[in-house]
Amino acid sequence: MARITKADREARERLRRYQARKQFHAGVQSRLRRDNLIALVGGTLAMAVLAALQVLYFATR
(Lines give C-alpha, C1' and ligand atoms only; values in the text may rest on other atoms or scores of the structure.)
Protein backbone atom coordinates (compact mmCIF):
# COMPACT_ATOMS: atom_id res chain seq x y z
CA MET A 1 0.00 0.00 0.00
CA ALA A 2 1.39 3.38 -1.03
CA ARG A 3 1.78 5.98 1.67
CA ILE A 4 0.76 9.54 0.97
CA THR A 5 3.48 11.85 2.18
CA LYS A 6 3.17 15.40 3.38
CA ALA A 7 4.92 16.58 0.21
CA ASP A 8 2.31 14.76 -1.91
CA ARG A 9 -0.54 16.41 0.00
CA GLU A 10 1.06 19.82 -0.34
CA ALA A 11 1.62 19.29 -4.07
CA ARG A 12 -2.03 18.28 -4.54
CA GLU A 13 -3.17 21.33 -2.56
CA ARG A 14 -0.97 23.65 -4.68
CA LEU A 15 -2.39 22.09 -7.86
CA ARG A 16 -5.96 22.49 -6.56
CA ARG A 17 -5.38 26.18 -5.74
CA TYR A 18 -3.70 26.78 -9.11
CA GLN A 19 -6.62 25.23 -10.99
CA ALA A 20 -9.09 27.26 -8.91
CA ARG A 21 -7.21 30.49 -9.77
CA LYS A 22 -7.17 29.58 -13.47
CA GLN A 23 -10.90 28.85 -13.44
CA PHE A 24 -11.64 32.12 -11.61
CA HIS A 25 -9.51 34.10 -14.06
CA ALA A 26 -11.24 32.47 -17.04
CA GLY A 27 -14.60 33.47 -15.58
CA VAL A 28 -13.46 37.05 -15.12
CA GLN A 29 -12.20 37.19 -18.70
CA SER A 30 -15.48 35.90 -20.11
CA ARG A 31 -17.47 38.41 -18.04
CA LEU A 32 -15.25 41.26 -19.24
CA ARG A 33 -15.66 40.17 -22.86
CA ARG A 34 -19.46 39.96 -22.44
CA ASP A 35 -19.64 43.34 -20.68
CA ASN A 36 -17.55 44.99 -23.40
CA LEU A 37 -19.79 43.54 -26.10
CA ILE A 38 -22.92 44.79 -24.31
CA ALA A 39 -21.39 48.26 -23.93
CA LEU A 40 -20.39 48.35 -27.60
CA VAL A 41 -23.87 47.35 -28.79
CA GLY A 42 -25.55 49.77 -26.38
CA GLY A 43 -23.28 52.65 -27.35
CA THR A 44 -23.75 51.99 -31.05
CA LEU A 45 -27.52 51.83 -30.61
CA ALA A 46 -27.54 55.07 -28.61
CA MET A 47 -25.48 56.86 -31.27
CA ALA A 48 -27.80 55.61 -34.02
CA VAL A 49 -30.88 56.85 -32.13
CA LEU A 50 -29.29 60.24 -31.51
CA ALA A 51 -28.28 60.59 -35.15
CA ALA A 52 -31.80 59.66 -36.29
CA LEU A 53 -33.33 62.19 -33.88
CA GLN A 54 -31.07 64.94 -35.19
CA VAL A 55 -31.94 64.13 -38.78
CA LEU A 56 -35.65 64.16 -37.96
CA TYR A 57 -35.36 67.41 -36.02
CA PHE A 58 -33.54 69.30 -38.76
CA ALA A 59 -35.60 67.75 -41.55
CA THR A 60 -38.87 69.04 -40.03
CA ARG A 61 -37.67 72.60 -39.44
Side-chain angles (χ1 to χ4, degrees):
M1 181 176 260
R3 289 186 56 112
I4 299 173
T5 65
K6 183 178 179 182
D8 291 337
R9 281 193 304 273
E10 289 172 349
R12 267 188 299 181
E13 179 62 20
R14 277 193 308 274
L15 179 60
R16 185 193 65 77
R17 282 183 293 183
Y18 172 73
Q19 289 172 336
R21 280 193 309 269
K22 277 185 67 168
Q23 185 178 5
F24 174 78
H25 183 67
V28 168
Q29 290 299 317
S30 70
R31 281 190 300 276
L32 286 173
R33 196 171 15 260
R34 182 197 64 216
D35 291 348
N36 286 342
L37 180 62
I38 290 170
L40 178 66
V41 169
T44 302
L45 185 60
M47 295 299 286
V49 168
L50 290 174
L53 288 173
Q54 273 194 331
V55 168
L56 285 172
Y57 177 76
F58 287 110
T60 58
R61 284 186 87 190

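Index from 1, following the sequence.
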So do the side chains of [X] and [Y] get within less than 4.5 Å of each other, counting heavy atoms only?
| X | Y | answer |
| --- | --- | --- |
| Arg12 | Ile4 | yes |
| Gln54 | Tyr57 | no |
| Gln19 | Leu15 | yes |

To the nearest 0.5 angstrom, please state how far the [atom1] atom of [X] sits from the [atom2] atom of [Y].
| X | Y | atom1 | atom2 | answer |
| --- | --- | --- | --- | --- |
| Arg21 | Tyr18 | CZ | OH | 8.0 Å |
| Leu45 | Leu50 | CG | CG | 9.5 Å |
| Asp35 | Leu32 | CG | CG | 6.5 Å |

**OP:** Run the numbers on Arg31 and Arg34 for side chain to side chain contact (heavy atoms under 4.5 Å, CB included), then give the verdict.
**Re:** CA-CA 5 Å; Arg31 281 190 300 276; Arg34 182 197 64 216; 3.9 Å; yes
**OP:** Determine whether more than 12 heavy atoms belonging to other residues, nucleotides or ligands lie under 6.0 Å from atom CD of Gln23.
**Re:** no
